[in-house]
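Chain A is the first sequence line, chain B the second, and so forth, proteins listed ahead of strands; every chain is numbered from 1. Hydrogens, waters and symmetry mates play no part in the numbers below; they use all other heavy atoms, side chains included.
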Number of protein chains: 2
Amino acid sequence: MEHRIERIKKQLHSQSYKLTPQREATLRVLLEREEDHLSAEDVYLLVKEKAPEIGLATVYRTLELLSELKIVDKINFGDGVSRYDLRKEGAKHFHHHLVCTQCGSVEEIENDLLEDVEKIVQKDWGFEVKDHRLTFHGICKNCQEVPVKVKETNEI
Amino acid sequence: MEHRIERIKKQLHSQSYKLTPQREATLRVLLEREEDHLSAEDVYLLVKEKAPEIGLATVYRTLELLSELKIVDKINFGDGVSRYDLRKEGAKHFHHHLVCTQCGSVEEIENDLLEDVEKIVQKDWGFEVKDHRLTFHGICKNCQEVPVKVKETNEI
DNA sequence: GTTTTATATTATAATTATTATAAATATAAA
DNA sequence: TTTATATTTATAATAATTATAATATAAAAC
């Protein structure tokens, strides 16, 4: 983790941004909860545990900054809040998601399944693809076996 | 258009919803502007032209209802507002979008480019795909030719 | 065609998420 | 150190969406 923070620090500096304690605390939360899809509010509450003096607006600004630098990706699963997802190191593209409409769980897919599709889009539509967002909605493996059981958390 | 409204009317009735004048006016706006990606506010303003007494909350409720019935799809391109897009008649899946990061234009792709990918997801992840959201971000054909020229509307 | 009744609408008010502002503080460079 | 710049805090403002309670209405039953 330290290694990764160090790298991000350099990336910030190279664009003349500072790695303030607040930004570092935010990053640490994102790294620790890499599997989750936290909203700004979620991040705020978690950061507050280690740095109680932080303000919500700072978290928003930090997430916005990290988003511009492509360190995190901002996603929206349609529930009215933006969620922030760390991009894997060196990943050119955003990873995909499987959202279960029954239990609300979100699974990540690292593999880039869209290479062929992007080529088609590029060729047939003349559109120069820079990134993508792909989400599947459906029933997860678990819910197929055990029907109807709803998850009670908002930390998707 | 009448034909299509008639069909939706039946669909509503079959689930014991009424086709009120407000709902019909909203539907007509959506049908007339099928190519666009209107926000609730956009729809509201357009509906107001033909039915000035309508309230914003009603538009929201109507869009929500149509969304549940899979007549429209609710999408979010990351600009903080939900947009509503008519589903093509008989389409099982949502169509795809090409969002230009330069001029903000949104192009639609009708073709289902994900059949193969869905098979993989189904097989390798055991996830039963019901629907998908696919958006490509990049530079549209137009902007590749004429660099830097920003569109001034919010009606993507 | 009326009447009836559940459903829908209106006109707010209330929430929720996010962004802007101004004063105070911290940081890095000179 | 000093200085200039970037950042944060605390709060207010904005924007999008949802809830509420009184009223009205579509469509089924008579």
Nearest-Å distance, [atom1] ([X]) to [atom2] ([N])?
X: Ile54(B); N: dT12(C); atom1: CD1; atom2: P; value: 16 Å
X: Glu53(B); N: dA24(D); atom1: CD; atom2: C1'; value: 12 Å
X: Asn76(A); N: dA16(D); atom1: CG; atom2: C1'; value: 12 Å
X: Arg61(A); N: dA6(D); atom1: CZ; atom2: C1'; value: 11 Å

Could you please name the option among [options] that lies closest to any side-chain atom of [X]?
X: Tyr17(A); options: dA27(D), dT12(C), dT7(D); answer: dT7(D)
X: Val81(B); options: dA26(D), dT8(D), dA16(D); answer: dA16(D)
X: Ala57(A); options: dT11(D), dT8(D), dT10(C); answer: dT11(D)
X: Arg23(B); options: dA11(C), dA8(C), dA27(D); answer: dA8(C)
X: Leu56(B); options: dA28(C), dT17(D), dT9(D); answer: dT17(D)

- Which residue lies more 5' along DNA chain D, comparing Gly80(B) with Thr62(A) via nearest heavy atoms: Thr62(A)
- Message: I want to confirm an ordering. Mapping Lys74(B) and Leu65(A) to their closest nucleotides on DNA chain D, which one lands closer to the 5' end?
- Response: Leu65(A)
Answer yes or no: does a side-chain N or O of [X] lie under 4.0 Å from OP1 or OP2 of [N]?
X: Gln22(A); N: dA26(C); result: no
X: Thr20(A); N: dT8(D); result: yes
X: Tyr60(A); N: dT19(C); result: no
X: Ser82(A); N: dA17(C); result: no

- Message: Show, in sequence, the C-alpha distance, side-chain angles and deciding distance for Asp85(A) and His95(A), and conclude whether the side-chain hydrogen bond (donor to acceptor under 3.5 Å, both in side chains) test is met.
- Response: CA-CA 9 Å; Asp85(A) 214 355; His95(A) 52 259; 2.8 Å; yes
- Note on the structure: Under a 3.5 Å limit on both distances, the Watson-Crick or wobble mate of dA29(C) is dT2(D)
- Message: Please name the nucleotide paired to dA14(C) by Watson-Crick or G-U wobble geometry with both distances under 3.5 Å, or report none.
- Response: dT17(D)
- Query: Is the NZ or CZ atom of Arg133(B) positioned over Phe94(B)'s six-membered ring, under 6.0 angstrom from the centre and within 45° of the axis?
  - Reply: yes
- Task: Fit a plane to each ring of His97(A) and His37(A), take the angle between them on a 0 to 90° scale, and name the class: parallel (under 30°), tilted (30 to 60°) or perpendicular (over 60°).
- Result: perpendicular
